[in-house]
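Hydrogens, waters and symmetry mates are skipped; everything else that's a heavy atom, side chains included, is used. Position 1 is the first residue of the sequence, and the numbers go up from there.
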Amino acid sequence: MMKSLRKQKINILLTAIIICVSVVAVGVVYVPKIMKMDMFVVETGSMSPTIKPYSVIYVKRYESFDDYRIGDIVTFTDPSRQRSFTHRIVGINELNRTFTTKGDANEENDVGPAPAEYAQGKVEAVIPYLGYIVKFLRYTAVKIAVAVIYIAWAAIEIELFLAERKRAYE
């Protein structure tokens, strides 16, 4: 009887963890995808205090050059360097279709203009510090630990279900 009570308590705890992780995962990862936004983790302080390091940002893509304005915070990706950065537009060159950008924490504009085709989109939402968790969840060992928790929870649920069913037939 004592063993069953302990399993039930563990089951309740694991169920609460699973529900919390699942709700956060759906809310943080999938809802923005439904709204056609990409998620990025800002790793530097160049946009502080507006966007703190290790914030998660949600970026909405805009197809037209004319959708961008001075003051917009935009994520750019340089395909040759496979590197992204998120800075504020401080100037627009319509002739060359480029943007002058600057991090809010930086004293000077970025070196060289950012071509419009590098623009991934405007930052639509920011969740401070969530990037620490997102980065942590990218480690293989963490993914394995999460999988083990899900499997343990499922095993306990099945065992409790079968025990209750057995008691019902006795």
Side-chain angles (χ1 to χ4, degrees), residues 12-150 153:
I12 290 168
L13 177 63
L14 284 174
T15 300
I17 291 170
I18 298 296
I19 289 170
C20 288
V21 168
S22 299
V23 167
V24 169
V26 167
V28 170
V29 177
Y30 295 109
V31 170
K33 285 185 181 197
I34 291 168
M35 299 172 69
K36 298 191 187 313
M37 288 192 274
D38 295 318
M39 182 178 78
F40 294 88
V41 175
V42 174
E43 295 183 16
T44 69
S46 67
M47 282 301 294
S48 290
T50 309
I51 302 174
K52 294 173 177 37
Y54 288 95
S55 293
V56 167
I57 59 170
Y58 295 100
V59 176
K60 185 172 182 180
R61 183 174 294 280
Y62 289 87
E63 298 300 324
S64 173
F65 177 79
D66 296 328
D67 289 330
Y68 295 96
R69 304 275 181 262
I70 290 175
D72 288 343
I73 299 173
V74 178
T75 297
F76 297 89
T77 299
D78 181 345
S80 65
R81 295 188 347 192
Q82 301 262 323
R83 196 168 128 85
S84 296
F85 68 95
T86 301
H87 280 176
R88 190 177 301 278
I89 295 175
V90 294
I92 298 174
N93 183 326
E94 292 188 26
L95 182 64
N96 293 333
R97 297 178 63 82
T98 60
F99 303 107
T100 302
T101 58
K102 178 183 173 298
D104 288 0
N106 300 341
E107 291 186 22
E108 296 182 18
N109 294 346
D110 297 335
V111 177
E117 60 267 17
Y118 289 7
Q120 296 297 304
K122 296 181 192 180
V123 174
E124 298 290 329
V126 178
I127 302 177
Y129 308 116
L130 186 61
Y132 286 109
I133 295 169
V134 171
K135 287 288 189 182
F136 182 69
L137 290 174
R138 290 185 179 160
Y139 291 111
T140 303
V142 174
K143 290 177 184 176
I144 291 169
V146 169
V148 167
I149 290 170
Y150 272 98
W153 173 71

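Nearest heavy-atom pair, D72 versus D67, reported as atom, atom and distance to 0.1 Å: OD2-O, 3.9 Å. Scanning both residues, Y132 and P53, for their nearest heavy atoms gives CE1-O, 4.4 Å. G103 approaches D110 most closely through the heavy-atom pair N-OD1, 4.1 Å. Among all heavy-atom pairs drawn from A119 and F99, the shortest one is CB-CE1, 4.5 Å. In plain terms, the two heavy atoms of Q120 and Y68 that are nearest each other are C-OH, 4.4 Å. The nearest pair of heavy atoms linking A114 to T101 is CB-CG2, 4.4 Å.
The CD1 atom of I73 sits 10.0 Å away from atom CD1 of I89, with the distance rounded to the nearest 0.5 Å. Separation of atoms NZ (K33) and CE (M39) is listed at 7.5 Å; rounding is to 0.5 Å. Rounding to the nearest 0.5 Å gives a distance of 13.5 Å between CG of L130 and OH of Y54. In this structure, OH in Y62 is found 11.0 Å from CZ in R69, a value given to the nearest 0.5 Å. Remark: T75 OG1 to K122 NZ distance equals 12.5 Å, nearest 0.5 Å.
Judged by distance alone, the side chain of N106 and the main-chain N or O of E108 form no donor-acceptor pair under 3.5 Å. No side-chain donor-acceptor contact under 3.5 Å links R61 to the backbone of G121.
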Donor-acceptor pairs are to be reported for all side-chain atoms of residues 40-50 against protein atoms at under 3.5 Å, with residues two or more places apart or in another chain.
unit_1	atom_1	unit_2	atom_2	d
E43	OE2	K135	NZ	2.3
T44	OG1	S46	OG	3.4
S46	OG	H87	NE2	2.9
S48	OG	G45	O	3.3
T50	OG1	D104	OD2	2.6

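Atom CZ of F65 has more than 12 heavy atoms from other residues, nucleotides or ligands within 6.0 Å. Atom NZ of K60 has 12 or fewer neighbouring heavy atoms from other residues, nucleotides or ligands inside a 6.0 Å radius.
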**Test side chain to side chain contact (heavy atoms under 4.5 Å, CB included) applied to F85 and D78, step by step** = CA-CA 9 Å; F85 68 95; D78 181 345; 5.8 Å; no
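Side-chain contact check for K102 versus T100: every heavy-atom pair is 4.5 Å or farther apart.
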